[in-house]
**Student:** 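Okay, here's the structure, questions in a sec.
Counting starts at 1 for both ligands and their atoms, in listed order.
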Amino acid sequence: MSLENMEPKIDWKEINTVLLDMDGTLLDLNFDYYFWHEYLPENWAKQNNLNPQTAKIRLLDWYKQEAGTLSWYCLDFWAEKLDFDILKLKKDLTHLIKYRPHAQMFLERLNSTKISVAMVTNAHEDLIKMKAGVTGIDVFFDRIISSHSIGHAKEENAFWHKLRNTMPFDTSKTLLIDDNLSVLRTAKKFGIKHLLSVAKPNSQRPNQNTEEFEAIDSFDHIIF
Ligand SMILES: [Mg+2]
């Protein structure tokens, strides 16, 4: 959808559950993007005496092979594959962990209603903990669910079936906001009725094309 038609109309009376992604939706994806595309390749190259460009090409190729799987989101998987302390290196960049525009206000507003609010994320539990430590984001949720505890990435149908067993919700009264289009497509197939994407998940990169999905740029577009 183009930015011009971007005023999603959410009928809040119809919604009793909001499911929110973390990285690229509530928090700036710049932290994650910069880590995987620049900071890790640089440091991994140093550790292995590789040319930085060679290291980067090799890593980007490996990322592509794992994209959309639980392994891609798993810090332990990469720590083992690269023989590198990923979590420790991430701690160097905590200054890049930030809310997206008006996300905190949106969460505060949701908390003043009876709407049930859950975080559903592919992020590893250790990373959720790190980000909650910096932002205090954990206080806003009735439930925080990592796909690692479910055993399937959000891109897989099984994730949504297992999620509903863990945390019953009415798909016709649920809103999911997620910057990842393949996650939104899987959720749509599962039956979640209200879906929104994010136009600019990363503050330092251009807008993404959200294709068939309506997108918010800033959360103040849907604050009620
Ligand atoms: Mg995301």
**Student:** With sequence neighbours excluded, give me every ring pair (Phe, Tyr, Trp, His ring centres under 6.0 Å) pair touching residues 129-153.
**Tutor:** His124-His148
**Student:** Kindly assign one of parallel, tilted or perpendicular to the pair Tyr33 and His37, based on the angle between their ring planes and the thresholds 30° and 60°.
**Tutor:** parallel
**Student:** Inspect the contact between Asp32 and Lys131 and indicate whether a charged nitrogen and a carboxylate oxygen are less than 4.0 angstrom apart.
**Tutor:** yes
**Student:** Parallel, tilted or perpendicular: which describes the rings of Trp78 and Tyr63, with under 30° parallel and over 60° perpendicular?
**Tutor:** perpendicular
**Student:** Show your reasoning for whether side-chain hydrogen bond (donor to acceptor under 3.5 Å, both in side chains) applies to Asn122 and Glu155.
**Tutor:** CA-CA 9 Å; Asn122 279 326; Glu155 287 89 335; 3.1 Å; yes
**Student:** On the 0 to 90° scale, with breaks at 30° and 60°, tag the Phe169-Phe190 ring pair as parallel, tilted or perpendicular.
**Tutor:** tilted
**Student:** I'd like to verify the contacts: list protein N, O or S atoms under a distance of 2.8 Å from the Mg ion (ligand 1).
**Tutor:** Asp21 OD2, Asp23 O, Asp179 OD1
